[in-house]
Amino acid sequence: MIPDLSNDVLDRLRAAFQEVGYDADGVVDLLGPQAHAALGRGEPVPALRATADGGPLGTLVRLFLLGEAEPAAEVAAALRPLPVADAVAGGVLAAEGDALRAALDIRPHSAGEDSWWVVSDLDADLRPEGWATGGDHVLGVGHASLSLVRATSRRQVGSVLDVGTGCGVQALHASTHARQVTATDVSARALALASATFRLNRIDVELAEGEWFEPVRGRRFDQIVCNPPFVVGPPRTDYVYRDSGLAGDDASALVVRQLPSFLDEGGTGQLLASWLHRKGEDWQDRVARWLPPGGVDAWFAQRDVADPALYVGTWLRDAGFDPRSPAGRRKAAEWLDWFDANDVDGVGFGFVTLRRSGAERGEVVCEDLRQAFDDPLGPESDGWLRRVEWLREHGSGDGLLDARLVTAPSTVLEEVAAHGEEGWERFVHRLHRTDGPGWQHEVDELGVRLLAGCQGALPVRDLVELLALGAGEDAAELSRAAVPVLRELVRHGMVIPAEWADGE
């Protein structure tokens with residue numbers, strides 16, 4: 001049954017939340033940092049203790065964030081001016097004897113100075129025994145959603161399309177940097193809860209129902225974001241939010257293949273994706289084949305690779321199945337049999353950034369970024385696209401040699417030396433970028449000296465000639481060797497055009 005959340009119910013609910021301070025800051029202030037952190041780890045007892053004397057705000061925290069059944073009188077006081085009867089009729093609450101409990105997950109979510117409430121279905125750990133998870137379950141703000149939020153560019157644009165909006169969290173964030181936001185989903189329930197999210201926050205979002213890009217056929221956007229049902233395996237749909245009904249990684253392939261045609265020239269897309277690692281096949285070749293022909297720049301950043309057994313167990317638990325139960329064993333066997341039949345020895349997961357470049361040939365890069373780093377990928381994806389565009393215009397041999405380059409301030413040099421007959425002898429020269437994904441590159445002694453000279457005063461060509469003269473090397477050969485190294489360093493933001501360092 002789809003909740004009937006009228007504008008009147010949502011307006012009164014908003015007023016109640018504002019009255020008692022049920023927002024991101026209010027919850028943190030009530031719980032304190034330790035109990036709030038424990039709640040994030042799935043440990044509710046510290047939060048229960050912290051809300052014991054929390055008044056109406058404590059009631060709402062226990063109701064919506066902890067899944068507790070609360071006395072009807074206390075809930076009525078906390079939700080005033082929304083009558084309890086209207087909240088029950090609208091599907092916000094459910095009666096349980098003389099108590100009430102949340103029938104929907106409605107929780108604060110914030111980013112910077114922006115704070116919202118997100119409406120979704122209750123997760124398994126908040127549902128009372130006997131409440132089943134439906135196939136049209138609408139997931140709340142999870143780790144995957146937040147990782148895409150951090151990986152998405154926030155440059156100001158005219159229009160954003162959120163494909164597969166679910167509870168609407170990507171569209172909420174898009175509203176901070178886009179004049180117009182459109183959100184689609186194949187699930188009527190998801191669109192109903194997303195609509196409630198947007199109306200509760202008084203954000204105008206165009207909604208459309210349908211599969212993939214079908215609802216916006218013939219339209220183009222400045223930016224597209226997509227958190228698709230990327231779970232890979234047999235072609236089935238147990239849960240709409242994660243299962244596409246397509247076999248293997250065909251859902252991710254479909255989005256990568258079709259997304260660029262819905263972008264304006266220069267428009268960008270960001271999505272989460274999964275891809276199969278098959279025996280005898282390079283994953284980079286696999287995902288590169290998904291791209292449509294023509295001018296599309298693409299950056300595939302692989303953040304994790306899971307072995308099939310771990311992957312299956314993780315997603316079984318996500319759906320509420322005990323892998324030891326008869327049903328869990330049956331589903332695991334079917335899933336692993338499919339992996340075996342398709343020579344799958346791993347499942348990759350990561351982010352894809354796409355741009356409709358208009359160039360005859362796009363830049364396609366697939367990189368393994370499984371190292372730990374904290375900086376969000378959104379700004380890095382913007383920087384990557386900007387650097388790729390610069391290299392398209394200046395990255396040929398002569399263009400790069402004629403450029404004035406600067407070693408970026410975030411680039412540091414690490415050297416490793418061994419003690420020998422003549423003292424310490426350096427044999428490793430490793431460049432690190434101290435921000436972003438923490439790129440690393442090893443260079444030789446001449447490379448170290450070349451980068452030391454990259455201060456924007458002279459073209460690279462002149463620096464190479466001076467270096468060749470001092471080292472007794474052939475300038476032409478040194479130039480040929482320097483160009484691919486510098487291209488890679490520019491692409492990773494470790495060396496940048498001098499005009500960028502000047503703020504131009």
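- Salt-bridge formation is not detected for the pair Glu380/Arg150: no Lys NZ or Arg NE/NH1/NH2 atom is positioned less than 4.0 Å from an Asp or Glu carboxylate oxygen.
- Salt-bridge annotation for Arg392 and Glu389: present, with a side-chain N of the basic residue lying under 4.0 Å from a carboxylate O of the acidic one.
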Check: Yes or no on side chain to side chain contact (heavy atoms under 4.5 Å, CB included) for Ile496 and Leu405, after CA distance, side-chain angles and deciding distance?
Finding: CA-CA 6 Å; Ile496 59 176; Leu405 299 177; over 6 Å; no

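- Taking 4.0 Å as the cut-off between side-chain N and carboxylate O, Arg286 and Asp249 count as a salt-bridged pair.
- Checked for salt-bridge contact, Arg404 and Glu499 miss the test: no charged N lies under 4.0 Å from a carboxylate O.
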Notebook entry, point to check: After noting the C-alpha distance and the side-chain angles of Val186 and Trp212, does the key distance pass the side chain to side chain contact (heavy atoms under 4.5 Å, CB included) rule?
Noted result: CA-CA 7 Å; Val186 70; Trp212 304 110; over 6 Å; no

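- The number of heavy-atom neighbours closer than 6.0 Å to CG of Asp204, taken from other residues, nucleotides and ligands shown, is 12 or below.
- Using a 4.5 Å heavy-atom cutoff, the side chains of Leu354 and Leu271 are in contact.
- Across all non-hydrogen atoms, the minimal contact from Gly447 to Asp444 is N-OD1, 2.7 Å.
- No donor-acceptor pair under 3.5 Å is formed between the side chain of Tyr239 and the backbone N or O of Val138.
- Not a single donor-acceptor pair under 3.5 Å links the side chain of Thr165 to the backbone N or O of Asp162.
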Note to self: Working note: Ser187 + Asp136, criterion side-chain hydrogen bond (donor to acceptor under 3.5 Å, both in side chains); need CA distance, chi angles, decisive distance, verdict.
What the structure shows: CA-CA 7 Å; Ser187 165; Asp136 59 353; 5.3 Å; no

Item checked: Worked verdict on Ser147 versus Leu272 for side chain to side chain contact (heavy atoms under 4.5 Å, CB included) -> CA-CA 9 Å; Ser147 65; Leu272 292 173; 3.8 Å; yes

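- A heavy-atom distance below 4.5 Å is not found between the side chains of Val232 and Trp275.
- In this model, no donor atom of one side chain and acceptor atom of the other lie less than 3.5 Å apart for Gln156 and His177.
- Between the side chain of Thr184 and the backbone N or O of Val163 there is no donor-acceptor pair closer than 3.5 Å.
- Nearest heavy atom pair, residue Arg303 against residue Arg370, reads O-CG, 3.4 Å.
- Put simply, the residue from Arg433, Arg387, Gln440, Glu367 that forms a side-chain hydrogen bond (donor to acceptor under 3.5 Å, both in side chains) with His492 is Glu367.
- To the nearest 0.5 Å, the span separating OG1 on Thr176 from CG on Asp114 amounts to 6.0 Å.
- If you take CG on Asp368 and CD on Gln302, they are separated by 4.5 Å, rounding to the nearest 0.5 Å.
- Gln170 places a side-chain N or O within 3.5 Å of a backbone atom of Ser145 that can act as its donor or acceptor partner.
- Counting heavy atoms from C-beta outward, Val365 and Trp384 have side chains that approach closer than 4.5 Å.
- Counting all heavy atoms, side chain and backbone alike, Ser381 lies closest to Trp299 at CA-CZ3, 3.8 Å.
- When all heavy atoms are compared, the tightest approach of Phe198 to Leu172 is CD2-CD2, 4.1 Å.
- Distance alone, capped at 3.5 Å, places no donor-acceptor pair between the Asp185 side chain and the Ala190 backbone.
- In this structure, Glu211 places its CD atom where only 12 or fewer heavy-atom neighbours from other residues, nucleotides or ligands lie under 6.0 Å away.
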Check: Passes side chain to side chain contact (heavy atoms under 4.5 Å, CB included), Asp297 versus Ser357? Steps please.
Finding: CA-CA 6 Å; Asp297 295 324; Ser357 69; 3.4 Å; yes

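- Interatomic distance, CH2 of Trp315 versus CG of Leu310, reported as 12.0 Å (0.5 Å rounding).
- Here the side chains of Ser110 and Trp116 are not in contact, with every heavy-atom distance at 4.5 Å or above.
- Thr353 places a side-chain heavy atom less than 4.5 Å from the side chain of Leu385.
- Taking CZ from Arg361 and CD from Glu363, the interatomic distance works out to 8.5 Å, rounded to the nearest 0.5 Å.
- With Thr268 as the fixed residue, the side-chain hydrogen bond (donor to acceptor under 3.5 Å, both in side chains) test singles out one of Arg356, Arg155, Arg355: Arg155.
- With rounding to the nearest 0.5 angstrom, the CG atom of Asp337 is 13.0 Å from the CH2 atom of Trp335.
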Next item on the list: Go through the steps to decide whether Glu334 and Lys331 satisfy the test salt bridge (Lys or Arg N to Asp or Glu O under 4.0 Å), and finish with yes or no.
Entry: CA-CA 5 Å; Glu334 293 172 356; Lys331 285 186 174 292; 5.5 Å; no

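- Here the side chains of Arg189 and Asp121 are in contact, with some heavy-atom distance below 4.5 Å.
- The aromatic rings of Trp424 and His419 lie perpendicular to each other, with more than 60° between the two planes, well past the 30° mark.
- Within 6.0 Å of CD in Glu360 there are 12 or fewer heavy atoms belonging to other residues, nucleotides or ligands.
- The ring of Phe300 has its center no closer than 6.0 angstrom to the ring center of Phe351.
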Next item on the list: Could you walk me through whether His109 and His173 pass the ring pair (Phe, Tyr, Trp, His ring centres under 6.0 Å) test, one step at a time?
Entry: CA-CA 10 Å; His109 173 64; His173 285 268; 5.0 Å; yes

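- Side chain of Asn342 to backbone of Trp338: a donor-acceptor contact under 3.5 angstrom is found.
- Within the 4.5 Å cutoff, the side chain of Val205 has no heavy atoms near those of the Thr182 side chain.
- Side-chain atoms of Ser195 do not come within 3.5 Å of backbone N or O of Leu191 as any donor-acceptor pair.
- With hydrogens and angles ignored, the 3.5 Å screen pairs no side-chain donor or acceptor of Gln223 with any backbone N or O of Val160.
- Counting only heavy atoms from C-beta outward, the side chains of Asp123 and His137 approach each other to under 4.5 Å.
- For the atom pair Leu446 CG and His429 NE2, the distance stands at 9.5 Å (nearest 0.5 Å).
- Salt bridge Asp402/Arg461: present, at least one basic N to carboxylate O contact under 4.0 Å.
- If you check the side chains of Ser115 and Asp23, you find no donor sitting under 3.5 Å from an acceptor.
- A donor-acceptor contact shorter than 3.5 Å is absent between the side chain of Asn201 and the backbone of Ile203.
- Residues Glu488 and Arg491 are paired through a salt bridge, judged by an N-O separation under 4.0 Å between the basic side chain and the carboxylate.
- For CZ of Arg430, the number of neighbouring non-hydrogen atoms (other residues, nucleotides, ligands) closer than 6.0 Å is greater than 12.
- Between the side chain of Asp307 and the backbone N or O of Ala309 there is at least one donor-acceptor pair closer than 3.5 Å.
- A salt bridge links Arg219 with Glu206: at least one charged nitrogen is closer than 4.0 Å to a carboxylate oxygen.
- Ala24 and Pro108 make their closest contact through N-CB, 3.4 Å (heavy atoms, listed as atom of the first residue, atom of the second, distance).
- The nearest pair of heavy atoms linking Val495 to Leu451 is CG2-CD2, 3.6 Å.
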